[in-house]
Amino acid sequence: MSCGNNILTDVYAVRYAGEDDWKMLASIEGFEYESGYEYTLRISRTDYLDYSMGEPAWTEYALIEEISKEAKASENVPDNFIPEWYFEQYCTDLDDFAYKVEAEHPETIATDIENDPAFSFNGGKLCMVGLGQWLLLDPDNNVEKWGQLKRVSMSADEMPDIYRIFPPEDAGSIRGYGRLEFMELGDDDNSLMQFDIFFAPSARSKADQPIPHSFRLWLYKDLTEVYKKKYPEAGVEAVVIRYCVDDNYLTE
């Protein structure tokens with residue numbers, strides 16, 4: 001399970017005695033959860049009051065007794081507890097997908113790309129939460145996967161020359177280069193996707209000065225070798241795909 005305030009984190013899905021709806025709990029002191037099991041627990045709740053923070057300021061839960069532990073998939077558990085406002089305020093979609101093909105028969109490659117649902121994330125969305133986390137959503141906004149973003153800085157000279165055939169708009173505004181690795185949750189060694197990136201200032205203040213740490217991103221991938229192998233008769237010279245993150249501000 002996951003939830004959002006201004007961060008994403010794992011939570012427990014719980015259903016109180018006499019209730020049908022699942023709710024979330026961020027932590028239960030003294031409880032060690034094992035995946036694949038449904039538990040019946042008796043827990044305590046302690047509310048703490050701080051007049052400067054509201055009533056209650058925070059609440060803590062602690063395990064009193066583990067009544068049962070059953071190997072089963074719980075029924076009707078929500079995919080996540082992320083509120084809609086979290087997607088609106090903190091998530092930025094990869095959009096403006098485009099590509100460039102140089103080949104003897106470019107229409108073959110273009111048709112393949114345009115008909116491949118993977119490039120549109122199977123009708124869903126790939127979202128970035130700042131430059132720290134990512135979410136893969138299905139068409140109904142259910143979270144299919146999520147994890148951490150690993151950013152590797154690069155110099156202009158380290159960027160692949162092939163991207164020159166399809167430069168970012170307003171390339172003169174580029175201020176940074178690098179690579180983004182979309183790491184699977186809980187596995188810092190397993191990168192599910194990688195893109196080379198170009199950074200440019202995105203937002204400006206009333207004084208027409210860039211707002212610090214606000215960026216426009218272009219995410220690039222060289223698929224030349226992939227399509228040379230897939231369509232050896234097409235005479236492929238270069239295939240580059242690109243996404244742009246430009247609708248909302250990305251902050252480091």
Side-chain angles (χ1 to χ4, degrees), residues 2-10 80 82 86-100 118-122 124-137 143-205 209-226 239-252:
S2 59
C3 74
N5 186 354
N6 56 4
I7 61 171
L8 292 175
T9 185
D10 289 329
N80 64 79
I82 304 174
Y86 184 86
F87 295 112
E88 296 172 0
Q89 295 184 22
Y90 293 100
C91 298
T92 305
D93 303 343
L94 271 66
D95 55 15
D96 292 337
F97 174 72
Y99 60 89
K100 178 77 171 183
F119 294 120
S120 62
F121 310 111
N122 295 307
K125 299 176 183 178
L126 181 60
C127 303
M128 295 170 57
V129 187
L131 293 177
Q133 295 175 311
W134 62 272
L135 296 165
L136 180 62
L137 309 180
V143 179
E144 293 188 340
K145 293 182 180 179
W146 69 288
Q148 303 294 318
L149 285 170
K150 179 180 179 181
R151 179 182 166 192
V152 179
S153 295
M154 297 167 61
S155 66
D157 293 339
E158 293 176 295
M159 296 296 284
D161 288 338
I162 197 168
Y163 298 147
R164 296 180 185 273
I165 71 169
F166 194 33
E169 287 85 356
D170 192 19
S173 67
I174 299 300
R175 296 294 181 268
Y177 311 86
R179 184 174 67 250
L180 274 185
E181 299 184 9
F182 291 69
M183 312 303 293
E184 190 170 10
L185 182 65
D187 189 348
D188 292 337
D189 298 321
N190 185 16
S191 176
L192 297 180
M193 293 173 285
Q194 293 186 12
F195 292 95
D196 295 317
I197 54 175
F198 294 83
F199 286 82
S202 173
R204 292 185 173 271
S205 67
Q209 296 296 318
I211 298 174
H213 308 303
S214 295
F215 300 100
R216 177 182 302 158
L217 252 63
W218 287 274
L219 292 85
Y220 278 78
K221 185 177 287 291
D222 176 13
L223 296 179
T224 305
E225 294 304 317
V226 172
V239 180
V240 173
I241 64 168
R242 183 184 74 190
Y243 297 90
C244 181
V245 177
D246 193 30
D247 290 338
N248 297 300
Y249 299 155
L250 286 173
T251 57
E252 293 184 299

With rounding to the nearest 0.5 Å, note down the distance linking CG in Leu149 to OG in Ser191. 10.0 Å
Using only atom types and a distance under 3.5 Å, with no angle test, would you say the side chain of Arg242 pairs donor to acceptor with the backbone of Asp96? no
Are the side chains of Glu158 and Tyr177 in contact, using a 4.5 Å heavy-atom criterion? no
Give me the atom names and distance for the closest heavy-atom approach of Val245 to Asp93. CG2-O, 4.1 Å
Evaluation steps, side-chain hydrogen bond (donor to acceptor under 3.5 Å, both in side chains), between Thr224 and Asp222: CA-CA 6 Å; Thr224 305; Asp222 176 13; 2.6 Å; yes
Taking all heavy atoms of Cys244 and all of Arg216, pick out the closest pair and write down the distance. SG-CG, 4.2 Å
Tell me, do Glu184 and Lys145 make a side-chain contact under 4.5 Å, heavy atoms counted? no
Enter the distance from Met154:CE to Ile197:CD1 here, rounded to the nearest 0.5 Å. 9.0 Å
Main-chain N/O of Val129 paired to Trp134 side chain as donor or acceptor, under 3.5 Å: no
Can you label the angle between the Tyr220 ring and the Phe198 ring as parallel, tilted or perpendicular, going by 30° and 60°? perpendicular
To the nearest 0.5 angstrom, please state how far the CD atom of Glu144 sits from the CG atom of Asn122. 7.0 Å
One pair to check against side chain to side chain contact (heavy atoms under 4.5 Å, CB included): Leu192 and Leu136. What are the steps and the verdict? CA-CA 11 Å; Leu192 297 180; Leu136 180 62; over 6 Å; no
Thr92 vs Leu217 side-chain heavy atoms within contact, under 4.5 Å: no
Less than 4.5 Å apart, side chain to side chain, heavy atoms only: is that true for Phe97 and Ile241? yes
Distance col, row Lys100:NZ vs Arg164:CZ, nearest 0.5 angstrom, shows 15.5 Å
Under the 3.5 angstrom rule, does the side chain of Trp146 hit a backbone N or O of Leu137 as a donor-acceptor pair? no
Atom CE in Met128, atom CZ in Phe182: separation rounded to 0.5 Å? 5.5 Å
Derivation of the side chain to side chain contact (heavy atoms under 4.5 Å, CB included) call for Val239 and Tyr99: CA-CA 7 Å; Val239 180; Tyr99 60 89; 5.8 Å; no
From Phe119 CZ over to Leu94 CG, what is the distance, rounded to the nearest 0.5 angstrom? 13.5 Å
Taking all atoms of both residues into account, what is the closest heavy-atom pair of Gln194 and Arg179, and its distance? OE1-CD, 3.5 Å
Please examine the side chains of Tyr243 and Lys221, heavy atoms only from C-beta on, and report whether any two atoms are closer than 4.5 Å. no
